[in-house]
Amino acid sequence: QVQLVESGGGLVQAGGSLRLSCAASGSIFSINAMGWYRQAPGKQRELVARITTAGRINYADSVKGRFTISRDNAKNTVFLQMDSLKPEDTAVYYCNAFQPMIGVTPPRDYWGRGTQVTVSS
């Protein structure tokens, strides 16, 4: 199995920055994509950014130009650098890892427990 541990959330003023980290452990060889999702109160969880093992990156339109996803393969860690934060970025941010089908084992998503990001105005 895979375990994901997030860190780096906190309270910042609008225009500030935060850097989130997600460390993966366990059967990490099986993971082919990792990313960040967020969920604000009363709203559905949405994709923020995703990076595949091949290096392909996707961002939500709302964060393009402000957020940067990156990885450190040696440390099995994915980062989300968040700059120019806005109050609407306030949410719980979850690290995600995707495991494709392996033999007869079905594909699955792994999730961290989340880290709170609050941006004050």
Side-chain angles (χ1 to χ4, degrees):
Q1 302 296 306
V2 174
Q3 285 192 313
L4 305 173
V5 180
E6 306 108 328
S7 62
L11 173 65
V12 298
Q13 294 183 341
S17 298
L18 285 173
R19 182 176 173 85
L20 306 183
S21 299
C22 175
S25 61
S27 301
I28 56 176
F29 68 90
S30 64
I31 301 301
N32 66 8
M34 295 184 68
W36 292 92
Y37 290 70
R38 67 186 181 188
Q39 187 166 25
K43 295 187 176 182
Q44 293 184 318
R45 188 174 299 185
E46 65 175 352
L47 173 69
V48 177
R50 176 190 292 137
I51 184 168
T52 71
T53 55
R56 185 166 58 252
I57 296 174
N58 293 308
Y59 292 104
D61 288 341
S62 60
V63 307
K64 287 181 179 177
R66 299 189 298 120
F67 292 8
T68 303
I69 189 169
S70 61
R71 63 186 179 185
D72 184 338
N73 290 330
K75 297 181 179 180
N76 301 313
T77 302
V78 64
F79 306 95
L80 185 68
Q81 178 66 42
M82 304 185 294
D83 298 319
S84 302
L85 283 162
K86 304 175 180 179
E88 51 263 44
D89 294 318
T90 296
V92 177
Y93 284 69
Y94 297 91
C95 183
N96 165 263
F98 175 71
Q99 175 184 286
M101 177 172 286
I102 304 173
V104 298
T105 303
R108 64 176 294 175
D109 284 288
Y110 295 92
W111 296 94
R113 293 184 178 182
T115 184
Q116 177 71 46
V117 171
T118 302
V119 184
S120 64
S121 59

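For Arg38 and Tyr94, the positive end is not near the middle of the six-membered ring at less than 6.0 Å and at most 45° from its axis.
Between the Thr77 side chain and the Lys75 main chain, a donor and an acceptor come within less than 3.5 Å of each other. Of the possible donor and acceptor atoms, one in the side chain of Arg66 sits under 3.5 Å from a partner among the backbone N and O of Ser84. Of the possible polar contacts, one joining the Thr115 side chain to the Gly9 backbone as a donor-acceptor pair under 3.5 Å is found. Of the possible polar contacts, none joining the Arg71 side chain to the Met34 backbone as a donor-acceptor pair under 3.5 Å is found.
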How far apart are the C-alpha atoms of Leu85 and Gln13, what are their side-chain angles, what is the distance that settles it, and do they pass the side-chain contact (heavy atoms from CB on, under 4.5 Å) test? CA-CA 8 Å; Leu85 283 162; Gln13 294 183 341; over 6 Å; no
Check step by step if salt bridge (Lys or Arg N to Asp or Glu O under 4.0 Å) holds for Lys86 and Asp89. CA-CA 5 Å; Lys86 304 175 180 179; Asp89 294 318; over 6 Å; no
Show the numbers, then the answer: is there a side-chain contact (heavy atoms from CB on, under 4.5 Å) between Leu47 and Trp36? CA-CA 6 Å; Leu47 173 69; Trp36 292 92; over 6 Å; no
Could you please spell out the steps behind the salt bridge (Lys or Arg N to Asp or Glu O under 4.0 Å) verdict for Glu6 and Arg113? CA-CA 7 Å; Glu6 306 108 328; Arg113 293 184 178 182; over 6 Å; no
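Across all their heavy atoms, Lys43 and Gln39 have their closest contact at O-NE2, 3.1 Å. Contact detail for Pro87 and Ala14: the closest heavy-atom pair is CD-CB, 4.1 Å.
Here the side chains of Ile31 and Val2 are in contact, with some heavy-atom distance below 4.5 Å. Inter-residue side-chain proximity for Ile57 and Ile69 is flagged as met; some heavy-atom pair is nearer than 4.5 Å. Here the side chains of Phe67 and Gln81 are not in contact, with every heavy-atom distance at 4.5 Å or above. Looking at Asp72 and Phe79, their side chains come closer than 4.5 Å, going by heavy atoms from C-beta outward. Taking the side chain as every heavy atom from C-beta outward, Gln99 and Asp109 never approach each other to under 4.5 Å. Looking only at side-chain heavy atoms (C-beta outward), Met82 and Val63 stay at 4.5 Å or farther from each other. Inter-residue side-chain proximity for Val78 and Cys95 is flagged as met; some heavy-atom pair is nearer than 4.5 Å. Within the 4.5 Å cutoff, the side chain of Arg50 has no heavy atoms near those of the Phe98 side chain.
Trp111 has its ring centre less than 6.0 Å from the ring centre of Tyr37.
The number of heavy atoms from other shown groups lying within 6.0 Å of CD (Glu88) is above 12.
To the nearest 0.5 Å, the span separating CG on Leu18 from CG on Leu80 amounts to 9.5 Å. Between Ile28 atom CD1 and Gln3 atom CD the span is 12.5 Å, to the nearest 0.5 Å. To the nearest 0.5 Å, the span separating OG1 on Thr68 from CZ on Arg19 amounts to 9.5 Å.
In this structure, Tyr110 is not a member of the same hydrophobic cluster as Val92, with clusters built from ILVMFWY side-chain heavy atoms closer than 4.5 Å.
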